[in-house]
Participant: 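Take a look at this one; I'll ask things after.
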Amino acid sequence: MGTQYYAGKWNDHDIVFILGDEALEIRFDGKVIAEKKITILFSATMTAAIPLEPELTVFAHFEDHVCSCIVGKALETDYDKETKTFSAVYNGHKIEGNNKKLKGALLVDGVEVDKEDSGLRSFCILGTQADDNGKRTMAVFEAAGLKTTCQFYAEAENVRMYACQKQGGELIPLDRNGDDDFMLGFVLGMGVH
């Protein structure tokens, strides 16, 4: 497979997700903040506290050559077996997620704010509209076989991740997708090994 790199920027910080032949890593400003050994890789999910802001979590998921990443406050999530609903409370608001008819839905105070357009996926992120600060409440659904889990993140932000190649000690995006203004400042000299 060879080592794959996915990199993005969050609040002027560099986040890199590295998929090696034997391990996965999340790096934050060049420092490893999470790593785990792997064997056969079809998809991978990792989370880690952000250095200097431990109330925030970086979440990264890799599947089908796409890396999804969000940064936010991970909420304590409960599951009700009878209603098959995941729930959390944040700032006085009840947040719920369910996977009825194999389609995920996110509700805030009983009102559906986002849902999957098609079902039978192993992974999806749903979210509220962004507030004035660009932050959202997000639900991350993951399915393994017949079991689905859901984790909520408050004050969350999407981090756009780009597939990169390593040239020397720098990571260079492979596909710019018309984002030239963003890309001008994107080359990461992170001392990646």
Side-chain angles (χ1 to χ4, degrees), residues 1-54 56-72 74 102 104 116-127 136 138-151 153 156-193:
M1 167 174 94
T3 302
Q4 298 177 54
Y5 301 91
Y6 293 85
K9 287 196 178 282
W10 173 78
N11 289 354
D12 295 325
H13 296 283
D14 299 323
I15 297 174
V16 178
F17 189 52
I18 302 171
L19 292 91
D21 290 328
E22 297 177 7
L24 303 172
E25 290 182 357
I26 297 176
R27 292 186 183 195
F28 188 85
D29 288 339
K31 295 184 174 121
V32 176
I33 60 171
E35 63 184 321
K36 68 180 174 182
K37 300 286 182 201
I38 59 170
T39 52
I40 299 173
L41 178 68
F42 295 107
S43 68
T45 297
M46 291 183 74
T47 61
I50 291 186
L52 305 175
E53 294 188 53
L56 294 177
T57 298
V58 61
F59 166 92
H61 176 85
F62 168 82
E63 187 171 347
D64 293 330
H65 303 287
V66 174
C67 185
S68 302
C69 181
I70 61 175
V71 172
L102 300 176
E116 281 187 275
D117 53 358
S118 64
L120 298 175
R121 291 188 208 175
S122 62
F123 169 80
C124 84
I125 298 174
L126 301 176
R136 309 168 186 270
M138 295 184 173
V140 176
F141 290 89
E142 292 186 85
L146 297 175
K147 183 180 179 185
T148 299
T149 61
C150 179
Q151 175 64 52
Y153 294 88
E157 299 173 76
N158 287 311
V159 178
R160 189 164 182 187
M161 301 296 281
Y162 293 88
C164 295
Q165 66 184 357
K166 186 176 144 189
Q167 290 182 359
E170 298 178 338
L171 294 179
I172 310 295
L174 294 173
D175 183 11
R176 295 177 183 223
N177 284 331
D179 248 352
D180 291 333
D181 291 338
F182 177 80
M183 288 299 163
L184 287 175
F186 188 77
V187 174
L188 303 174
M190 300 182 54
V192 176
H193 316 255

Participant: One pair to check against side chain to side chain contact (heavy atoms under 4.5 Å, CB included): Tyr153 and Val71. What are the steps and the verdict?
Facilitator: CA-CA 8 Å; Tyr153 294 88; Val71 172; over 6 Å; no

Participant: Say you draw a straight line from CG of Asn158 to SG of Cys69; how long is it, rounded to the nearest 0.5 Å?
Facilitator: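 One finds 9.0 Å between CG of Asn158 and SG of Cys69.
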
Participant: Drop me the distance from Lys166's NZ to Ile172's CD1, to the nearest 0.5 angstrom.
Facilitator: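 So the gap between those two atoms works out to 12.0 Å.
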
Participant: For the atom pair CE (Met138) and CD (Gln151), what is the distance rounded to the nearest 0.5 Å?
Facilitator: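 If I round to the nearest 0.5 Å, the distance is 13.5 Å.
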
Participant: Determine the minimum heavy-atom distance between Met161 and Gly8, stating which atoms define it.
Facilitator: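 For Met161 versus Gly8, the nearest heavy atoms are SD-N, 3.7 Å.
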
Participant: Indicate the ring-plane relationship of His65 and Phe62, choosing parallel, tilted or perpendicular according to the 30° and 60° boundaries.
Facilitator: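 The rings of His65 and Phe62 stand perpendicular, inter-plane angle above 60°.
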
Participant: Testing Asp14, Ile18, Val16 for side chain to side chain contact (heavy atoms under 4.5 Å, CB included) with Leu171, which one passes?
Facilitator: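 That would be Val16.
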
Participant: Would you give the length of the straight line joining atom NZ of Lys31 to atom CG of Asp29, rounded to the nearest 0.5 angstrom?
Facilitator: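 The distance works out to 7.5 Å.
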
Participant: Using every non-hydrogen atom in the two residues, find where Leu52 and Pro54 come nearest and quote the distance to one decimal.
Facilitator: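 For Leu52 and Pro54, the tightest heavy-atom pair comes out as C-CD, 3.5 Å.
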
Participant: Check each of Thr45, Thr149, Thr148 against Glu142 using the side chain to side chain donor-acceptor pair (under 3.5 Å) test, and report the only one that passes.
Facilitator: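 Answer after filtering Thr45, Thr149, Thr148: Thr45.
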
Participant: Any non-hydrogen side-chain atom of Val58 less than 4.5 Å from a side-chain atom of Phe28?
Facilitator: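 When only atoms from C-beta onward are counted, Phe28 and Val58 do not touch, as no gap falls below 4.5 Å.
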
Participant: Atom CG of residue position Asn11 - does it have more than 12 heavy atoms of other residues, nucleotides or ligands inside 6.0 Å?
Facilitator: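 Correct, the count exceeds 12.
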
Participant: Can you give me the closest heavy-atom contact between Val159 and Lys9, atom names plus distance?
Facilitator: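 Where Val159 meets Lys9 most closely, the heavy atoms are CG1-O, 3.7 Å.
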
Participant: Can you spot which of Leu56, Ile26, Thr57 makes a side chain to side chain contact (heavy atoms under 4.5 Å, CB included) with Ile50?
Facilitator: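 Between Ile50 and the candidates, side chain to side chain contact (heavy atoms under 4.5 Å, CB included) is satisfied uniquely by Leu56.
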
Participant: If I take atom OG from residue Ser68 and atom OH from residue Tyr6, how far apart are they, to the nearest 0.5 angstrom?
Facilitator: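 Here the rounded value is 10.5 Å.
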
Participant: Taking atom CD of Glu157 and atom CD1 of Ile70, what is their separation to the nearest 0.5 Å?
Facilitator: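 With rounding to 0.5 Å, CD (Glu157) is 10.5 Å from CD1 (Ile70).
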
